[in-house]
Chemist: 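Got a structure for you, written out below as structure tokens; questions coming shortly.
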Amino acid sequence: MDEIKLIIAEDEPVARQAMARLFDLETDIEVIGAAENGEIAVDLARRTLPDVILMDIRMPKMDGIKATQIIKQEMPNVAIVILTIYDDDTNVFQAIKAGAIGYILKDSPIDDALQAVRAAYRGEGMMHPAVAGRVMKEFARIHNDRTADMEMFADLTDREREVLKLIAQGKRNSEIAEALFISEKTVKNHVSNILFKLQANDRTEAALYAARHGLVE
């Protein structure tokens, strides 16, 4: 297995150095850079093309949300995992819109961060339960006046609806493939079609659409 090339963007030097040391102990992860603010994170990403960036939201000069927007626009294949705090709901929601794929609390155990980075590398989102419920409520509130209704799902095929329901249940591509007796490549194609038809940025946003419009509980 190839090593996951990781950048850590965190303005607190002690935390940044500690994470770098812990991640470097893993045989499948290589820390290729560390950034103390969003501007440096963007520059590092441009120069090194990492697989994953662990991105703090609140940083000087350029925050993690703006850095995420720039990186995802220029380098859409770079997966970004957001480091957040429990009561930062609105910023996490903005990070979802910017294209981040994973969300973990800053005081989570290192195993959670490792799991989130590895999941992001596989193209799978991971959101801490304490963040997920609050973000879904925020998403519903902000989009309460949205004119879209169940018609937004009218273009989905029956199979794509099945895949979307499983995505909303937090299933990985491999689990979806097993449940529907199809290949992972076929699942990836379905996911791409779903995101295109729903005009969603990522799996998380598609799942939130599905939940809000009653496709899943």
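Given the structure is predicted, the values throughout are model-derived calculations rather than measurements. Here, residue 1 is the first one in the sequence, and each next residue gets the next number.
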Chemist: Does the side chain of L83 come within less than 4.5 Å of M19's, by heavy atoms?
Modeler: yes
Chemist: Within a 6.0 Å radius of atom CD on E74, are there more than 12 heavy atoms belonging to other residues, nucleotides or ligands?
Modeler: yes
Chemist: Could you check E3 against I29 for side chain to side chain contact (heavy atoms under 4.5 Å, CB included), going step by step and ending with a plain yes or no?
Modeler: CA-CA 5 Å; E3 284 187 323; I29 298 174; over 6 Å; no
Chemist: Between K5 and T48, is a side chain to side chain contact (heavy atoms under 4.5 Å, CB included) present by the stated rule, with each step listed?
Modeler: CA-CA 9 Å; K5 296 186 294 182; T48 63; over 6 Å; no
Chemist: Which residue is it: E175, K171, H190, E162? I am looking for the one with a side-chain contact (heavy atoms from CB on, under 4.5 Å) to L180.
Modeler: E162
Chemist: If you compare all heavy atoms of A45 against all heavy atoms of I53, which two are closest, and at what distance to 0.1 Å?
Modeler: CB-CD1, 4.0 Å
Chemist: Check whether more than 12 heavy atoms from other residues, nucleotides or ligands sit under 6.0 Å from atom CG of D107, and answer yes or no.
Modeler: yes
Chemist: Examine L25 and L6 and state if one hydrophobic cluster contains both, with Ile, Leu, Val, Met, Phe, Trp and Tyr joined whenever side-chain heavy atoms are less than 4.5 Å apart.
Modeler: yes
Chemist: Test side chain to side chain contact (heavy atoms under 4.5 Å, CB included) on E26 and R118; report intermediate values, then the result.
Modeler: CA-CA 11 Å; E26 303 298 314; R118 289 170 177 140; 2.8 Å; yes
Chemist: Taking it one step at a time, do I194 and L164 satisfy side chain to side chain contact (heavy atoms under 4.5 Å, CB included)?
Modeler: CA-CA 7 Å; I194 290 166; L164 179 56; 4.1 Å; yes
Chemist: On a heavy-atom basis, which atom in M62 and which in I70 lie closest, and how many Å separate them?
Modeler: CE-CD1, 3.7 Å
Chemist: Name all residues meeting the salt bridge (charged side-chain N to carboxylate O under 4.0 Å, His left out) criterion together with K106; count only those two or more places apart in sequence or in a different chain, and write none if there are none.
Modeler: E10, D56
Chemist: Which pair of heavy atoms, one from A20 and one from V31, lies closest together, and at what distance?
Modeler: O-CG2, 3.8 Å
Chemist: Which heavy-atom pair separates L156 from L198 by the least distance, and what is that distance?
Modeler: CD1-CD2, 4.4 Å
Chemist: Compare every heavy atom of A35 with every heavy atom of A41, then report the nearest pair and how far apart it is.
Modeler: N-CB, 3.5 Å
Chemist: Between K197 and E160, is a salt bridge (Lys or Arg N to Asp or Glu O under 4.0 Å) present by the stated rule, with each step listed?
Modeler: CA-CA 10 Å; K197 290 179 180 180; E160 287 166 354; 2.9 Å; yes
Chemist: Quick test of your reading of the model: are R58 and D63 salt-bridged, counting only N-O distances below 4.0 Å?
Modeler: no
Chemist: Do you see a donor-acceptor pair shorter than 3.5 Å between the side chains of R159 and N193?
Modeler: no
Chemist: Would the distance check show the side chain of S108 and the main-chain N or O of I104 forming a donor-acceptor pair, the cut-off being under 3.5 Å?
Modeler: no
Chemist: Can you name the closest pair of heavy atoms from I7 and P50 and give their distance?
Modeler: CD1-CG, 3.6 Å
